[in-house]
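Heads up, the thing below is written out as structure tokens.
Given the structure is predicted, the values throughout are model-derived calculations rather than measurements.
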Amino acid sequence: ARPGRVDTDRIVIGGLSNGGFMTVRMCLDYPGFWSAGIPVCAPFFEENQTPEAVDAIARTPLWFVHAKGDELVDPRQTSLPLYRSLKAAGAEVHMTYFDHVEDLTGVYREKDGRPRRIFSHGVWVHIYNDFCRCDLDGRAVFDDGEPVGAWEWAARQRRGE
């Protein structure tokens, strides 16, 4: 790589499941280093969410993605309380919370015609298809007056702003 080719103020971190945990952990260990983070199904449990940890994590804008009924990582013990603590701390934080994971493209269907469902830990299907556009309250996320999805939001973030 040639010097100057990477804008170090625009490095986004993200991961799925254990990678979601590592996303949160890296934001905790290196507060303010990342321009944004997208932790998906992050098993960062409540016992790790100390006030000091929340203060450090709050320095990085985050967009959590999770689904109710996740068979492997219970959002009620992980992403939901962390989202709420970060929100209370004044952090820039969003969370898209799906009822379940099913095909939203209209391509894959069950035999009875309903959208095909997969296991709820598989919410990466929605993040990779850019279907994460609402916050926990169900309202669209806006940036500069425009509705954005998680990927566009992350691309617009700059460290230190």
Item to check | Results of salt bridge (charged side-chain N to carboxylate O under 4.0 Å, His left out) for Arg133 - residues two or more places apart only | outcome: Asp130
Checklist entry - Above 12 or not: heavy atoms from other molecules or residues under 6.0 Å from CZ of Arg76? => result no
Checklist entry - Looking only at heavy atoms, what is the nearest atom pair of Pro81 and Pro75, with distance? => result CD-O, 3.4 Å
Checklist entry - Any side-chain heavy-atom pair from Gln77 and Asp74 closer than 4.5 angstrom? => result yes
Checklist entry - Can you check side-chain contact (heavy atoms from CB on, under 4.5 Å) on Leu104 and Glu102, steps first, answer last? => result CA-CA 6 Å; Leu104 300 176; Glu102 67 182 7; 4.1 Å; yes
Checklist entry - For Tyr128 and Val40, what are the C-alpha separation, side-chain angles and deciding distance, and is it a side-chain contact (heavy atoms from CB on, under 4.5 Å)? => result CA-CA 11 Å; Tyr128 284 141; Val40 179; over 6 Å; no
Next on the checklist: When you compare the side chain of Tyr83 with that of Leu136, does any pair of heavy atoms fall below 4.5 Å?
Outcome noted: yes
Checklist entry - Taking the side chain as C-beta and beyond, is there a heavy-atom pair between Glu71 and Ser120 under 4.5 Å? => result yes
Next on the checklist: Please find the pair of heavy atoms, one from Val93 and one from Asp135, that lie closest to each other, and give the distance.
Outcome noted: O-OD2, 4.1 Å
Next on the checklist: If you define the side chain from C-beta out and look only at heavy atoms, does anything of Val65 sit under 4.5 Å from Cys41?
Outcome noted: no
Item to check | Within-4.5 Å side-chain heavy-atom neighbours: Val101 and Phe119 | outcome: no
Checklist entry - With ILVMFWY side chains joined below 4.5 Å, transitively, what does Leu72's cluster contain besides itself? => result Val73
Checklist entry - Between Ile38 and Val125, is there a shared hydrophobic cluster once you connect ILVMFWY residues whose side-chain heavy atoms come closer than 4.5 Å? => result yes
Next on the checklist: Strictly below 4.0 Å, N to O, side chains only: are Arg116 and Asp103 in salt-bridge contact?
Outcome noted: no
Next on the checklist: Run the salt bridge (charged side-chain N to carboxylate O under 4.0 Å, His left out) test on Glu146 and Arg156 for me, step by step, so that the C-alpha distance in whole Å, both residues' side-chain angles and the decisive distance to 0.1 Å come before the verdict.
Outcome noted: CA-CA 12 Å; Glu146 293 180 79; Arg156 291 176 175 210; 3.0 Å; yes
Checklist entry - Mind checking whether Ile127 and Leu80 sit in one hydrophobic cluster, side chains of I, L, V, M, F, W, Y counted as touching below 4.5 Å? => result no
Next on the checklist: Enumerate the ring pair (Phe, Tyr, Trp, His ring centres under 6.0 Å) contacts for residues 95-117, please, sequence neighbours excluded, ordered by first and then second residue.
Outcome noted: Phe98-His126
Checklist entry - What pairs meet the side chain to side chain donor-acceptor pair (under 3.5 Å) rule with one or both residues in residues 19-41, with sequence neighbours excluded? => result Arg25-Asp29
Checklist entry - Side chains of Met95 and Ser79: closer than 4.5 Å at any heavy-atom pair? => result yes
Checklist entry - Counting N and O atoms only, with roles assigned by atom type, does the side chain of Asp112 sit under 3.5 Å from a partner on the main chain of Arg114, one being a donor and the other an acceptor? => result yes
Next on the checklist: Within the 4.5 Å heavy-atom criterion, are Pro115 and Glu110 side-chain neighbours or not?
Outcome noted: no
Item to check | Pairwise side-chain contact, Asp70 with Val123, heavy-atom cut-off 4.5 Å (strictly under) | outcome: no
Checklist entry - Can you name the closest pair of heavy atoms from Ala53 and Asn48 and give their distance? => result CB-O, 3.5 Å
Checklist entry - Are any side-chain N or O atoms of Gln49 and backbone N or O atoms of Thr78, one a donor and one an acceptor, separated by less than 3.5 Å? => result yes
Would you list the atom pairs, donor with acceptor, under 3.5 Å between side chains in residues 11-20 and any protein atom, with sequence neighbours excluded?
from  : atom 1 : to     : atom 2 : distance (Å)
Ser17 : OG     : His121 : NE2    : 2.9

Next on the checklist: Test of understanding: with ring-ring contact (aromatic ring centres under 6.0 Å, His included), list the residues that count as partners of Trp153, not counting sequence neighbours.
Outcome noted: Trp63, His94
Checklist entry - Does one hydrophobic cluster hold both Phe64 and Val54, with members joined at side-chain heavy-atom distances below 4.5 Å? => result yes
Item to check | Salt bridge flag under 4.0 Å for residues Lys87 and Glu92 | outcome: no
